[in-house]
Amino acid sequence: MKPSIMLILFTFLTSTSVQSQELEYSFKESHEVSTPTKLYISSSNSNITVISHDKSNIEVYYVIKKNEQLVNNVNKEILNQIIKEQSKLNIKSSINGLTIEVTGVVKEGYIKSEDAIIIDFIVYVPNQTSCDLVSSDGNISLKGLNSDQKCVTSDGNIKLFDIDGDVFAKTSDGDIIIENVTGNVDSQTNDGKVIKTIR
């Protein structure tokens, strides 16, 4: 995907005008937390978008696709049933934070691309949320957070926008776009660009 297209995509995903009723998603969950709080997401093939809001909860929108088509009418239990041959969804929630892990299941052979189920995440969090986000093959985007952040992906782009805190961002094959981040930034990419701007 061309860098200019990626910039447009990231701007869209992290726009403050995005409202939950406009999102296309399979199902959502809400988790009450105290602030400051922590969010940890680890998944092999997921795009992860985290945006701050003025509520005291974490809202997770699960965007599940099979063969590039959105999967509707599911919940967490149904999702675990339809992905059980490929992976498992683990969610741990407490007043101190939220952990979401999508772990692979040992399976002989390979999964055809048309059968692969991809789980992307769009997450709304209190602005005093510290994130630790890991994706092996996906893009990561953060907007409007007042805390330290860690983002790691092997094959994807990282977008950081309006962050007040220290940031560690690493990708093996992708661009890192940093806009209006106040704090120490450790950004690493092996095959991409680091683009920094301050408004």
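Values reported hereafter were calculated over all heavy atoms of this structure, with side chains retained and with hydrogens, waters and symmetry mates removed. Counting from 1, the numbers follow the sequence of the chain as shown.
- Linking ILVMFWY residues whenever their side-chain heavy atoms come closer than 4.5 Å, directly or via other members, places I178 and V167 in the same cluster.
- Under the 3.5 Å distance criterion, the side-chain polar atoms of N47 are matched with a main-chain donor or acceptor of N139.
- Using a cut-off of 4.0 Å between Lys/Arg side-chain N and Asp/Glu carboxylate O, K196 and E179 are scored as not salt-bridged.
- In terms of heavy-atom proximity, N190 sits nearest to S172 at CB-O, 3.3 Å.
- Residues V63 and Y124 share a hydrophobic cluster, clusters being chains of Ile/Leu/Val/Met/Phe/Trp/Tyr side chains in contact below 4.5 Å.
- The only member of V50, T49, T153 that meets side-chain contact (heavy atoms from CB on, under 4.5 Å) when paired with L133 is V50.
- Proximity of a side-chain donor or acceptor of N80 to a complementary backbone N or O of L89 within less than 3.5 Å is detected.
- Looking at S130 and D148, their side chains never bring a donor and an acceptor atom within 3.5 Å of each other.
- In this structure a side-chain-to-backbone donor-acceptor pair under 3.5 Å is missing from D186 to F168.
- Rounded to the nearest 0.5 Å, atoms OG (S56) and NE2 (H31) are 13.5 Å apart.
- When all heavy atoms of G192 and T189 are compared, the pair lying nearest together is N-OG1, 3.5 Å.
- Here the straight-line distance linking atom OG1 of T99 with atom CG of L39 works out to 8.0 Å at 0.5 Å rounding.
- Considering T182, N146, N180 as possible partners of D162, the one that fulfils the side chain to side chain donor-acceptor pair (under 3.5 Å) test is N180.
- One hydrophobic cluster, built from ILVMFWY side chains closer than 4.5 Å, holds both I82 and I119.
- Nearest heavy-atom pair, V33 versus P126, reported as atom, atom and distance to 0.1 Å: CG2-CG, 4.1 Å.
- Under the 3.5 Å distance criterion, with hydrogens and angles disregarded, no donor-acceptor pair is assigned to the side chains of D120 and S46.
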Stepwise, does the side chain to side chain contact (heavy atoms under 4.5 Å, CB included) test hold for V60 with K28?
CA-CA 5 Å; V60 184; K28 70 174 181 176; over 6 Å; no
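- The aromatic rings of F27 and Y62 sit parallel, their planes meeting at an angle under 30°, below the 60° perpendicular limit.
- Residue S52 holds its OG atom at 5.5 Å from CG of N127, rounded to the nearest 0.5 Å.
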Apply side chain to side chain contact (heavy atoms under 4.5 Å, CB included) to I100 and F121, showing your working.
CA-CA 10 Å; I100 300 173; F121 300 93; 3.8 Å; yes
Run the side-chain donor-acceptor check on residues 68-79: report pairs under 3.5 Å with partners two or more places apart or on a different chain.
residue : atom : partner : partner atom : Å
N75     : OD1  : E77     : N            : 3.1
N75     : OD1  : I78     : N            : 2.8

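- Looking only at distances, a side-chain donor or acceptor of T171 sits under 3.5 Å from a matching main-chain atom of G156.
- Ionic pairing of K193 and D175 is not present here: no N-O contact between side-chain nitrogen and carboxylate oxygen is shorter than 4.0 angstrom.
- With contacts defined as side-chain heavy-atom distances shorter than 4.5 Å, the pair I83/K88 does not qualify.
- No chain of hydrophobic side-chain contacts below 4.5 Å, direct or via other Ile, Leu, Val, Met, Phe, Trp or Tyr residues, connects Y40 to I48.
- Residue C131 holds its SG atom at 5.5 Å from CG of L142, rounded to the nearest 0.5 Å.
- Counting only heavy atoms from C-beta outward, the side chains of C151 and L160 approach each other to under 4.5 Å.
- Contact check for I117 versus Q86: side-chain heavy atoms found under the 4.5 Å cut-off.
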CA sep, side-chain torsions, deciding dist, call: N157, I177, side chain to side chain contact (heavy atoms under 4.5 Å, CB included)
CA-CA 8 Å; N157 298 284; I177 302 165; 5.8 Å; no
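- Here the closest non-hydrogen pair linking I95 and T37 is O-OG1, 4.4 Å.
- A distance of 10.0 Å separates CD in Q128 from CG in D164, rounded to the nearest 0.5 Å.
- One finds the CD atom of Q149 at 8.0 Å from the OG1 atom of T129 (value rounded to the nearest 0.5 Å).
- Between the side chain of S87 and the backbone N or O of G104 there is no donor-acceptor pair closer than 3.5 Å.
- Put simply, V152 and V123 are part of two different groups of oily side chains (I, L, V, M, F, W, Y) that touch within less than 4.5 Å, one to the next.
- With hydrogens and angles left out, the side-chain atoms of E29 and Y61 include no donor and acceptor closer than 3.5 Å.
- Closest heavy-atom contact between S34 and N96: OG-OD1, 4.3 Å.
- S135 and G138 get closest at one heavy-atom pair: OG-N, 3.3 Å.
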